[in-house]
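The structure under discussion appears below in the form of structure tokens.
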Amino acid sequence: MKENKFEEIYEVVKLIPPGRVSSYGAIAEYLGSKRGARLVGWAMNALNNRSDIPAHRVLNKTGVLSGKNAFPHPNMMKEKLEAENLVIIDDKVQDLAEYFWDPNIELL
DNA sequence: AGACTGACTGGGA
DNA sequence: GTCCCAGCCAGTC
């Protein structure tokens with residue numbers, strides 16, 4: 001249906017509700033590639049100017065802000081998440097299970 | 001054209 | 001419990 005997986009990734013990321021976070025693996029799995037998590041991260045890195053995509057809501061499975069370094073300022077990701085009532089300690093989201101948003105379940 | 005890398009993950013040692 | 005290896009897709013050297 002989609003022209004390429006990048007578009008699918010972007011759409012899924014855009015669907016992440018405020019105050020929620022998802023993981024690369026979850027999105028990759030939703031796209032059909034369980035091991036394609038790296039591609040998702042790659043897509044985020046390729047965002048560049050697409051501020052319409054809440055890339056800060058995409059974390060690795062452990063809830064660590066692995067991609068914070070790809071933002072204009074490494075603190076930006078943390079601040080954006082904190083602005084959505086998320087608690088981040090040591091670049092890691094607390095109560096991840098409570099905020100985790102899985103497209104395979106939510107978009108079922 | 002061939003090989004390496006990267007915002008990842010799960011399984012095996 | 002920690003470390004290492006293989007698999008995924010696209011872009012770059």
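Residue numbering restarts at 1 for every chain, and letters A, B, ... go by the order of the sequence lines. Side-chain atoms are counted along with the backbone in the values below, which use heavy atoms only and exclude waters and symmetry mates.
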Among [options], the nucleotide that comes nearest once only the side chain of [X] is considered:
| X | options | answer |
| --- | --- | --- |
| A/Ser66 | B/dA7, B/dG10, C/dC9 | B/dA7 |
| A/Trp42 | C/dC9, C/dG11, B/dA7 | C/dG11 |
| A/Arg38 | B/dC8, B/dG10, C/dA10 | B/dC8 |
| A/Asn60 | B/dA7, B/dC8, C/dG7 | B/dC8 |
| A/Ser33 | C/dC9, B/dG10, B/dA7 | C/dC9 |

> So what's C/dG11 paired with, Watson-Crick or G-U wobble, going by both distances under 3.5 Å?
Replying inline: B/dC4
> Considering every strand shown, what is the Watson-Crick or G-U wobble mate of B/dA13 when both distances are under 3.5 Å?
Replying inline: C/dT2
>> Using only atom types and a distance under 3.5 Å, with no angle test, would you say the side chain of A/Gln94 pairs donor to acceptor with the backbone of A/Lys92?
In response: yes
>> Could you check whether any side-chain N or O of A/Ser22 sits under 3.5 Å from a backbone N or O of A/Val58, counting only pairs where one atom can act as donor and the other as acceptor?
In response: no
> Got a salt bridge between A/Glu84 and A/Arg57, using NZ or NE/NH1/NH2 to carboxylate O under 4.0 Å?
Replying inline: yes
Expressed in angstrom and rounded to an integer, what is the separation of [X] atom [atom1] from [N] atom [atom2]?
| X | N | atom1 | atom2 | result |
| --- | --- | --- | --- | --- |
| A/Tyr24 | B/dG10 | OH | C1' | 17 Å |
| A/Leu96 | B/dT9 | CG | P | 10 Å |
| A/Lys34 | C/dC8 | NZ | P | 12 Å |
| A/Ile9 | B/dC8 | CD1 | P | 13 Å |
| A/Lys5 | B/dG6 | NZ | P | 22 Å |
| A/Leu39 | C/dT12 | CG | P | 14 Å |
| A/Leu81 | B/dA7 | CG | P | 18 Å |
| A/Leu31 | C/dC8 | CG | P | 15 Å |

Looking only at atom [atom1], what distance separates [N] and [M], rounded to whole Å?
| N | M | atom1 | result |
| --- | --- | --- | --- |
| B/dC8 | C/dG1 | P | 23 Å |
| B/dG10 | C/dA10 | C1' | 22 Å |
| B/dC4 | C/dC5 | P | 15 Å |

>> Quick check: closest heavy atoms across A/Ala43 and A/Tyr10, and the distance to 0.1 Å?
In response: O-OH, 3.3 Å
> Is any side-chain heavy atom of A/Ile27 closer than 4.5 Å to a side-chain heavy atom of A/Val13?
Replying inline: yes
> Does A/Arg35 or A/Val58 map to a spot on DNA chain B nearer the 5' end, using the closest nucleotide for each?
Replying inline: A/Val58
>> Mind checking if A/Ala55 touches a base, just sugar-phosphate, or nothing, with heavy atoms under 4.0 Å?
In response: base
